Structure formats: structure tokens, C-alpha cells
Number of protein chains: 4
Amino acid sequence: MMKKREVQASVKDERLVQKRRDQMIKGAVTLFKQKGFHRTTTREIAKAAGFSIGTLYEYIRTKEDVLYLVCDSIYDHVSERLQQDLSLKSGTLASLKLGIANFFQVMDEMQAEVLVMYQEVKSLSKDALPYVLKKEMEMVAMFADLLTRCVENGELKLTEKQVDIIAHNIFVQGQMWGFRRWALRKLFTLEEYIALQTEILLSGISSEVSASQEVPQK
Amino acid sequence: MMKKREVQASVKDERLVQKRRDQMIKGAVTLFKQKGFHRTTTREIAKAAGFSIGTLYEYIRTKEDVLYLVCDSIYDHVSERLQQDLSLKSGTLASLKLGIANFFQVMDEMQAEVLVMYQEVKSLSKDALPYVLKKEMEMVAMFADLLTRCVENGELKLTEKQVDIIAHNIFVQGQMWGFRRWALRKLFTLEEYIALQTEILLSGISSEVSASQEVPQK
Amino acid sequence: MMKKREVQASVKDERLVQKRRDQMIKGAVTLFKQKGFHRTTTREIAKAAGFSIGTLYEYIRTKEDVLYLVCDSIYDHVSERLQQDLSLKSGTLASLKLGIANFFQVMDEMQAEVLVMYQEVKSLSKDALPYVLKKEMEMVAMFADLLTRCVENGELKLTEKQVDIIAHNIFVQGQMWGFRRWALRKLFTLEEYIALQTEILLSGISSEVSASQEVPQK
Amino acid sequence: MMKKREVQASVKDERLVQKRRDQMIKGAVTLFKQKGFHRTTTREIAKAAGFSIGTLYEYIRTKEDVLYLVCDSIYDHVSERLQQDLSLKSGTLASLKLGIANFFQVMDEMQAEVLVMYQEVKSLSKDALPYVLKKEMEMVAMFADLLTRCVENGELKLTEKQVDIIAHNIFVQGQMWGFRRWALRKLFTLEEYIALQTEILLSGISSEVSASQEVPQK
DNA sequence: GATGAATGAGCATTCATTCAT
DNA sequence: GATGAATGAATGCTCATTCAT
């Protein structure tokens, strides 16, 4: 796990800093969702967080810090959820399916946050960007690990490269649901989407027989 | 095909308008790539396009018009390329593979433009956004058509829903190469990426025997 | 009569200059009425006049020239109308009444133009302003002359100062009808206004008996 | 009395808002006098008021707000002065004369402000204009009241319409002194002007014998 | 003589950031 | 620690004027 990039605060009391930042992040996410990072003013963030503009600047140095804090917080939430699901599973096909399903579920729940993050990361300074990108790689790596364990267990037959690309695909298809929900919702429910993607993903890969009969035919 | 949303120009000469807008788009893409839409000033756009700020505003009404013009131009380029590839092909597996490969190729070539577009669309007004999103759906539909023809020819066995989701997947995996090249490049060349994705896509789907022997083993 | 302040034109043909300027003034008055001088652009003036912005500048040097031309033209019209009425009349009370009535009538007809002029004169340069103000004094002087002739004829008994102030009053009350028509119209018709003002003006001044029976009692 | 149209301020402290706006109005009047509303920039207003452009916008929303504030303030001053004079007087001829004299005096003192207002009101938005015009009607109404009381007391013999028109005349003659001082000053002192106008006004109207002996013969 | 594309100084307004209270 | 008034650089956009065709 990486060392956190520090955002400097004037206030000393660590507990207070955390509390204020949580308020700040909560307010900022709502605003960024609505209007994006650039169209949101620091005053609005302060107001949404429930304190004055002066106080806001006691806990951050620049507006960009808020974006970083938001991105960091989102990743923490998603990572945490994933870790719970993934780390404990043995390398079985069933656990893989569950992991994927849960990931898509998280992406659905945090859709707004994830959307915000992907549209605004590029606004992060050269300083913060790599940190955030590395976080993303960590999440892809979790899926790669899961797949690798399945391969080791003989449940899947994949080359290393295939493991990598499929891990990426899972991750991207999860994001896709968050990103393109406006289009996909017209075609599928989340459950259908999960079932279809899982089936396609595994159909050519698993040692099992094709699972096509599992696809819900709405 | 949709009717184009018009961007109003003060200048009457249509040929000149086209020329100046091309200069403008070219300059703007470069700048948006570097700094994003919001951090780019209209003055910078004018300068990059090779004319004065006053002249810029002879060809657009607002800064957002530039973004719209950029997005529109990107879609036109990509669509055009796709149409060439896709429309002429008969519904054979070979033609599908070619179509996918070409799409990924376009995404690689236009990576910067596509990246710009995806990070900035949300900055479009409520007026322009649906137009751009519809363009995207058109492109997904091209793949869906292609797949449907393969199904009709008996080369693939897919339900309608599967056609839809796979069309989306192809599209998103193309974008993924554009978006996440920074990560993927460390793992694959474009050719490998194309080969791997194609294989995974078709392995569980086609009526043929698994095509695993085609995967390049670098 | 003053020498006209010249507005320089690039075009030589005097007849053409006059024609184009008439178009220009007509268009400009309409626009100034609607939006005032400052909110009207030279492009709009050119368009309203029926030619291009380039052509506009063949006949004037600056935007302010248009305002001067407009003001000058309005004064010419009003002066001309007044001169017809006033100069020919002998110094009788009846002729005075007629003169006043006609002036108020003109002010009613040219209300828009006069309104424009009074709200925009201050925008004239230090160069043009005195010229326009002198025009105004000339018009006041016409009334003073008329009154003086009445005094000489024994129809009125007035000191010189009284002549001056009454001339001003007549002029200002005429303008008042133009300026404050929005308020006055709710109270009086033009005819009533003329009758009332005339009566008030003359009641304390003329050698006759009070003319109160002339007041229309609507 | 009308409800005030509110001009929104970001600053909360009402006392400070009033103080800053007073500074602002004072600076703005000076500038508008010199160059008119349109030729005055917001930066100049801020500077004249003694603070930065940013601070200016903490107390107004748009440049037009400054104009409105100026107009409003002028009316308040004039109204206040008038109210003191007019409201307390019984309906005697002497009090009427005093009222008129005081009004002309105010117009002389506030000449610059009044001039500014009359040349710039038309620049007010459709929102603010009616408010300002109504203020004007209120002032005319004060004179009408005064005249009516004189009629009731038998000091004047006037029809209702005559009351209305004379109230308007008084008001306009007051403004005339402010507006046309450049011309009138050559002919009269303020005192002479007041005396002459009062005499003319009352000579045909009052129940007294003509007051011509009161005219100052400078 | 007429046209209209090009120019760029100028302007209103915003907003991140600071700092005295 | 909290507040919010003050700041002024920065920005989108306008428009009078010019000049090559």
C-alpha cells in the first residue's frame, strides 16, 4: 500500500482535521456531480460543507486539494469494498463470479462518485495524478490476483497476458456500467448486465461447459 | 443520420468558415489535450489557430462552441473511418475481426482527441450534450449491425441482448485502449491488444472451434 | 444661422453622400429610440441603413458622427417646422397661440426623435455639443421674438426677463410633452394639454380678460 | 410609499453595506457627471469609491445596480427635502411659494445629480425603470396635494386638471433649472428665476391681485 | 465605391486566496 | 480556530475601426 500524499492543514487537531475534511468531501462530491470541478467554487464547497470560506482554507491549501481529497476518498471506499470481497475468496470460479458481481454492484452504487472522478482526474496536478492512477492499478491488480488464483487452481486456463487483459476488461466493464448507465439502462437491468458480462467473460475461458442457460431472458 | 446542430458564424463565406474552424479545432485539440477545456483560454485557442481573439469570435458564439466543434469533428472522423470498414463488409467472422481491429487502430491514432472528448463532454451545455451522445450510440449501433449480420449468416450464435452488450464491449474496449494506454502499453503492443481482445471476444461466441492458436505468444 | 459642423466623408459625390446619410439617419433614429446610442452598434446602423459596415465608414469617421448627424437632422426638422409657423405670423395673440399649439404638435409627432436627442446629446464630443446647444437656443429665441412682437403690439405686457423666461417655459413645456408623455397621457389629450398650457401661460400675462372659458372641459 | 427594489450584496453586515454603497454612489455620481454611465467603467467606479473592483462586486451584482443605486439615492434626497417643506405647510399661498422656492433650490444644489439621473434612467433595465418613474410621480403628487389644499382653502381657484398640469409644470420648471442652467444662468440668478416663475405661475391663478411688484428688478 | 473579414483594445464580471479581527 | 471582507489577476466576449479585395 502506498504512502498517502499529504494535504497540508493549518489546524493541528488531527481528529478535527478529519472531521472537517469529511464534511468537505461530502459537500464537494455533491457539487462536483452537479457541475463538475471547474464550475464549482470554493465558496460553494465551504457552504455545502457547513463552514465559512476562511475555515475551508484552514484545512486545505488550494482548491485542487479538495479534488485530490475527493478522489482519494472515492478510491478508498471502492478499494475497501473490493478488498472485502476479493481477498477472502479462495480461487474458485464461484468466488470470481461473486467478485465481479460485487464490483459491478459497487460501481452502480457509487456511479456518481466514479463519474466525477473520471471526469476530473486530469485536473489534478502533476503531483497528485500519479498517486491516483496507481490506486487504479492496485484495483486492477486485485482482479488479476483473483484470476491467477483461479488459474493456479485449474479452474481457468489462461496465459499471463490473458489474465492481465481480462482483469482490465472486468475493471473497465464495471466502469462502463457507471459511465454509460444512461445508455445501458435502456437495454439491461444491473442484474442482467452482470449475468451477461459474466457469461461472456467466462464462456470462452473456463474449463466448464458454457453457462448460457443462466442468462436471464427478460 | 442526425441533422447537425448549427454553430453560428458571423462570416458568410462557407468555405472560409470551414477553413477557419479546421484551424481552430486543430489548435484547440492540442491545447485541450495539454490542459483541458477549462484551463484553456479563448485567447490561447485563437493564438493556436493562428488568428486573433476577435477573429475567433467571428466563427463561434461562445467558448463552448469550440468544444462542441471539437467533439463533433472527432466523431465525424471516427465515424467516417468506421463506416468505410464496416458498411462494405459482408457478415463474415473475418470481416468482424477486421472491423474490430480497424476500430482499435483508429482509437490508437486518435487517442488524444478521444481522450479530450471523454473528459470534456460533460462541459457541453444541455443543448449540445444529447447530440454528442446520440453520435456515440450510432457508432455502437454499427457494431451491433455487424454482429447481427454475422448471426444471420450463421457465423455467430447470439441472442439480441448479447449482440447489444458485445457491441458495447467492443466500443468500450476500443476507448479503453485510448484512455488507458498509459497502463496498457506496459503490457501489450497494440497488435497484441487487438489479437487478445478479439480472441476473448470470439472464443465463447463463434460457431468455430476455439481460436486460441491465433493468440500471439510474444 | 450657424455654419454647419462638417462630417468628413471619403466619398466625393455630394448627392450620394446626402442619400446615404439620410438612409443612415433613418435607420439610426429607429435603433437609438429602441436601445439608445451606446447600446446600438455600428453594424446594426449599417444594416438598418441598408449597406455594409465598410460602406458606413465611407460616409462617417466615427460612430459619434452618426449621433451628430441624427441630432442635427432632428433640429433641422423641428426648426423648419417652427420657422414656417413663427416667422410669418404678425405679433398677435392669436398667432402666438397658434405658434405654441403647432410647436406642441411637432413635439408630439417627433416625440421619439426628441427623446433620443435629449438622452444622447451628452454623448457628443466637446466639439459637437456646443453646436447642438446653440441650435436649441435659436429655437428658444424664435419664441422670444414672437413674444417681443406681441409686447411691441401692445397685446402683451412683459418685461424683457419675463419674455425670456416665458420663451424658455414654452420650449420646455413642449419638450415635457415629448418626454413625459407616458405620464401626461393618462391625464390629458394633446389638445387638452395645449389648451391648458396656453391658458395658464396667457392668463396672467395678456391684456385680455382671463380666457378660462376656452379650457375644454372634457 | 413603495417597497424598495433590493440590490443584492454578498456582504452580510448591513451597516457596512450602507457605508460602502454611499462611497460607491458618491464616486459614481462624480464620474457619471463627467462621462455618463456608459463611458464610466466599473473599475473607475471602484477606484473613485476607494476600493478594488473585487470589493465593488461584493456590494452589487451588475454595473446597472450602481446606476439604480445612484438614481434611488438622488430621489431619496430630493424627496426627503421636499417632504420636510411640503408636508408641514398648511395650504396657504405663502407656503406654496415657499415650497416652490425650496424645490428650485434643491434642484440647484443637486443639479449634477439630477442631470445624471435624467440622462441615464433609460439605461435602467425594464426591472428598475418603473420603480424610478413611480418615484417621480410621487414627487409631482406632492405638489398636486399642496395645490389642492390651497384650492380647498379658497386661496386658489383651479379645476382638477389645472392642478395636475400646474404640478407638472412646477416639477418640470425645477428640473429645467437643473438641466438648462448653462443657458438660464446667463439670464437670471436662481433668486430671479424663482421669483419670475412663481409670479408667472400664480399671476393668473391666485385669488389675490397680481403680484408683479414682487418681481426683483436686478 | 462597396464589401466584410480581421483586429485587438477594452470591459464587465468571477473567484481563488489572504489576513485582520 | 473561525470568520468573511478585501483583493486583483484572469477571462470570456464585444465592437469600433481598418484595409485588402
Side-chain angles (χ1 to χ4, degrees), chain A residues 9-13 16-17 20 38-47 50-66, chain B residues 9-13 16-17 20 38-47 50-66, chain C residues 9-13 16-17 20 38-47 50-66, chain D residues 9-13 16-17 20 38-47 50-66:
Chain A
S10 310
V11 174
K12 299 296 163 208
D13 180 345
L16 188 55
V17 170
R20 292 276 182 259
H38 281 103
R39 295 203 208 277
T40 303
T41 69
T42 50
R43 279 167 142 86
E44 288 170 328
I45 296 169
K47 193 175 181 184
F51 37 72
S52 74
I53 182 65
T55 302
L56 182 73
Y57 275 87
E58 295 285 315
Y59 297 94
I60 54 162
R61 266 247 224 282
T62 69
K63 186 186 175 187
E64 211 212 88
D65 282 347
V66 180
Chain B
S10 306
V11 172
K12 299 293 166 62
D13 182 343
L16 188 57
V17 170
R20 292 279 180 262
H38 282 104
R39 294 205 208 276
T40 302
T41 69
T42 52
R43 280 173 154 77
E44 286 169 329
I45 296 169
K47 195 173 181 183
F51 36 71
S52 72
I53 181 68
T55 300
L56 181 73
Y57 276 90
E58 294 280 311
Y59 296 93
I60 54 163
R61 265 244 237 281
T62 67
K63 186 185 176 190
E64 209 215 90
D65 281 346
V66 181
Chain C
S10 310
V11 174
K12 298 297 163 207
D13 181 346
L16 188 55
V17 170
R20 292 275 183 261
H38 280 103
R39 295 204 208 276
T40 302
T41 69
T42 51
R43 279 167 143 87
E44 287 170 327
I45 296 170
K47 195 176 181 183
F51 37 72
S52 73
I53 182 67
T55 302
L56 182 73
Y57 274 86
E58 295 286 315
Y59 296 94
I60 54 162
R61 267 247 225 282
T62 70
K63 186 186 174 189
E64 211 213 90
D65 282 347
V66 181
Chain D
S10 307
V11 173
K12 297 293 166 64
D13 182 344
L16 189 55
V17 170
R20 291 279 180 260
H38 282 105
R39 295 205 207 277
T40 303
T41 69
T42 51
R43 280 177 153 74
E44 287 170 328
I45 296 169
K47 195 173 181 184
F51 36 71
S52 73
I53 182 66
T55 300
L56 181 72
Y57 276 88
E58 293 280 310
Y59 296 93
I60 54 163
R61 264 246 235 283
T62 68
K63 186 186 175 189
E64 209 215 271
D65 281 347
V66 181

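Being a predicted model, the structure only gives us computed values, none of them experimental. Note on naming: letters A, B, ... go to the chains in the order of the sequence lines (proteins, then strands), and numbering restarts at 1 for each one.
Residues satisfying the side-chain contact (heavy atoms from CB on, under 4.5 Å) criterion with Ala9(D), sequence neighbours excluded, are Val17(D), Arg21(D). Taking the salt bridge (Lys or Arg N to Asp or Glu O under 4.0 Å) definition, one finds that Arg43(C) meets it with Glu58(B), sequence neighbours left out. Partners of Thr55(A) according to the side-chain contact (heavy atoms from CB on, under 4.5 Å) rule, which considers only residues two or more places apart in sequence or in another chain, are Arg20(A), Phe51(A), Ser52(A), Tyr59(A). When the side chain to side chain donor-acceptor pair (under 3.5 Å) test is applied to Thr62(A), no partner is found at least two apart in sequence or on another chain. In this structure Ser10(C) satisfies the side chain to side chain donor-acceptor pair (under 3.5 Å) test with no other residue, sequence neighbours excluded. Take Arg61(D) and apply the side chain to side chain donor-acceptor pair (under 3.5 Å) test, not counting sequence neighbours, and it matches Gln8(D).
Take the nearest nucleotide of DNA chain E for Gly50(B) and for Leu16(C): the residue whose nucleotide is more 5' is Leu16(C). Toward the 5′ end of DNA chain F lies the nearest nucleotide of Phe51(D), the other residue of the pair Glu64(C) and Phe51(D) mapping further downstream. For the pair Val11(D) and Lys12(A), nearest-nucleotide mapping onto DNA chain F gives the more 5' position to Lys12(A).
Against DNA chain F, the stretch residues 38-47 of chain A makes heavy-atom approaches under 4.0 Å through Arg43(A). Of all the residues in residues 53-63 of chain C, Ile53(C), Gly54(C), Thr55(C), Tyr59(C) reach under 4.0 Å from DNA chain E with at least one non-hydrogen atom.
Once you apply a 4.0 Å limit to the heavy atoms of chain C, the touched nucleotides of DNA chain F run 5' to 3' over dC15(F) to dT18(F).
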Given Watson-Crick or G-U pairs with both distances under 3.5 Å, what dot-bracket string fits DNA chain E, with | for other-strand pairs and [ ] for crossing? .||||||||||||||||||||
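The line from NZ of Lys63(B) to CG of Asp65(B) is 12.5 Å long, rounded to the nearest 0.5 Å.
Considering every non-hydrogen atom in both Arg39(D) and Glu44(D), the closest pair reads O-OE1, 3.8 Å. Nearest heavy atoms, Ile45(A) versus Leu56(A): CG2-CD1, 4.1 Å.
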